[in-house]
Amino acid sequence: MNIFRLAGDMTHLASVLVLLLKIHTIKSCAGVSLKTQELYAVVFASRYLDIFTNYVSLYNTVMKLIFLGSSFSIVWYMRYHKVVRRSYDKDQDTFRHYFLVLPCLLLALLINEKFTFKEVMWTFSLYLEAVAILPQLVLLQRTRNIDNLTGQYVFLLGAYRALYILNWIYRYFTEPHFVHWITWISGLVQTLLYADFFYYYFQSWKNNQKLHLPA
């Protein structure tokens, strides 16, 4: 554990809390992509298969439970809550997210560090997480009303991954033989997908204007 890893985890946790705050207090999921939330649920379910068989620390286990529970609860709220689901704009959230799952799974079967079920699923979760934000970014481009909480949620998700890259750089220079190319490349791809959003987010913040992404 180092300051960059801890900051990344806390930022990731903050992004989830911001989204849950919006859903619970405003009873709205407007501007939130259900497709992205479903992909994240698949990411965490496939990544944390060892949650009850491989104990690392209390912190590690608690964080796994939080991300598993929050991802599936968000999907449930958006699909089945009698009030929240009414605000979901399925006509705009049309990205065919299932087209991302199979290529990521095939890539994990071909390129992995060890050909075991858990390792392949772990690698699959890395590849899928790298592109899971795509439906959300497309939805933000289509909508003309990006509220503050949704913008903060996406910003915090991107910031979490950027902080993890700093964590990897720190560990590379402080830990011998710390080389994880699959994790690094997946994380870099994921961060690059946020680059355009970061630019417009900071522009809106600097000019004190409402966030808009170009169509």
Side-chain angles (χ1 to χ4, degrees), residues 1-16 36-68 70-71 97 99-137 153-199 201-202:
M1 181 65 70
N2 59 70
I3 187 62
F4 301 113
R5 164 75 184 276
L6 181 61
D9 286 348
M10 293 302 103
T11 305
H12 195 185
L13 180 61
S15 71
V16 174
T36 283
Q37 299 307 317
E38 288 175 339
L39 290 177
Y40 278 129
V42 174
V43 166
F44 295 129
S46 56
R47 179 172 300 173
Y48 300 145
L49 292 172
D50 63 347
I51 187 170
F52 297 116
T53 60
N54 184 26
Y55 180 80
V56 177
S57 66
L58 179 61
Y59 172 86
N60 183 269
T61 300
V62 169
M63 293 299 281
K64 287 179 179 180
L65 289 172
I66 288 174
F67 290 124
L68 276 170
S70 61
S71 62
H97 61 321
F99 283 155
L100 298 174
V101 176
L102 185 57
C104 289
L105 180 57
L106 292 176
L107 189 59
L109 289 168
L110 294 172
I111 304 176
N112 53 72
E113 293 185 359
K114 186 187 296 183
F115 194 73
T116 63
F117 176 72
K118 286 185 178 180
E119 186 63 32
V120 168
M121 294 306 292
W122 167 267
T123 307
F124 163 68
S125 77
L126 293 177
Y127 294 150
L128 188 60
E129 185 182 18
V131 295
I133 196 62
L134 281 174
Q136 180 65 67
L137 294 177
Y153 163 69
V154 177
F155 172 77
L156 288 169
L157 270 182
Y160 133 71
R161 181 47 68 189
L163 286 166
Y164 253 65
I165 290 179
L166 295 177
N167 161 58
W168 297 331
I169 294 172
Y170 175 84
R171 294 184 65 183
Y172 177 79
F173 287 106
T174 59
E175 298 180 20
H177 313 297
F178 180 74
V179 179
H180 296 283
W181 288 109
I182 292 176
T183 305
W184 293 351
I185 294 173
S186 299
L188 182 60
V189 169
Q190 184 178 356
T191 305
L192 289 174
L193 289 177
Y194 285 92
D196 193 55
F197 174 85
F198 282 153
Y199 172 79
Y201 183 90
F202 283 116

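The aromatic rings of H180 and F178 stand perpendicular to each other, their planes meeting at an angle above 60°, with 30° marking the opposite boundary.
Crowding of Y55 atom OH: a count of heavy atoms from other residues, nucleotides or ligands under 6.0 Å exceeding 12. Few gaps surround OH on Y59; more than 12 heavy atoms of other groups in view lie less than 6.0 Å from it. Within a 6.0 Å radius of OH in Y170, no more than 12 heavy atoms belonging to other residues, nucleotides or ligands are found.
The shortest non-hydrogen separation linking S15 to L156 is CB-CB, 3.6 Å. The minimum heavy-atom distance between L49 and A45, with the atom names listed, is CD2-O, 3.4 Å. Summarising the geometry of L6 relative to M1, their closest heavy-atom pair is N-SD, 3.7 Å, with the distance given to 0.1 Å. The two residues I165 and L188 make their nearest non-hydrogen contact at CD1-CA, 4.2 Å. The two residues L157 and Y160 have their closest heavy-atom pair at O-CD2, 3.3 Å. Of all the heavy atoms in A108 and V120, the pair that sits closest is CB-O, 3.6 Å.
Remark: L65 CG to I51 CD1 distance equals 4.0 Å, nearest 0.5 Å. Rounding to the nearest 0.5 Å places CE of M63 at 4.0 Å from CZ of F67. Here the CH2-CH2 distance, from W184 to W168, works out to 9.5 Å after rounding to the nearest 0.5 Å. One distance of note links CG of L193 with CZ of R161; it measures 11.5 Å at 0.5 Å rounding. Residue F197 holds its CZ atom at 8.5 Å from CD1 of I133, rounded to the nearest 0.5 Å.
A ring-ring contact (aromatic ring centres under 6.0 Å, His included) with Y201 is found for exactly one of Y194, Y153, F155, namely F155.
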side-chain contact (heavy atoms from CB on, under 4.5 Å) evaluation trace for L39 with V131: CA-CA 9 Å; L39 290 177; V131 295; 6.0 Å; no
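Looking at R47, its side chain does come within 3.5 Å of a backbone N or O of S125 through a donor-acceptor pair. A donor-acceptor pair is defined here as one N or O able to donate and one able to accept, closer than 3.5 Å; such a pair exists between the side chain of T36 and the backbone of Q136. Distance alone, capped at 3.5 Å, places no donor-acceptor pair between the D50 side chain and the T53 backbone.
Side chains of Y164 and D9: a donor-acceptor N/O pair is present below 3.5 angstrom, by distance only.
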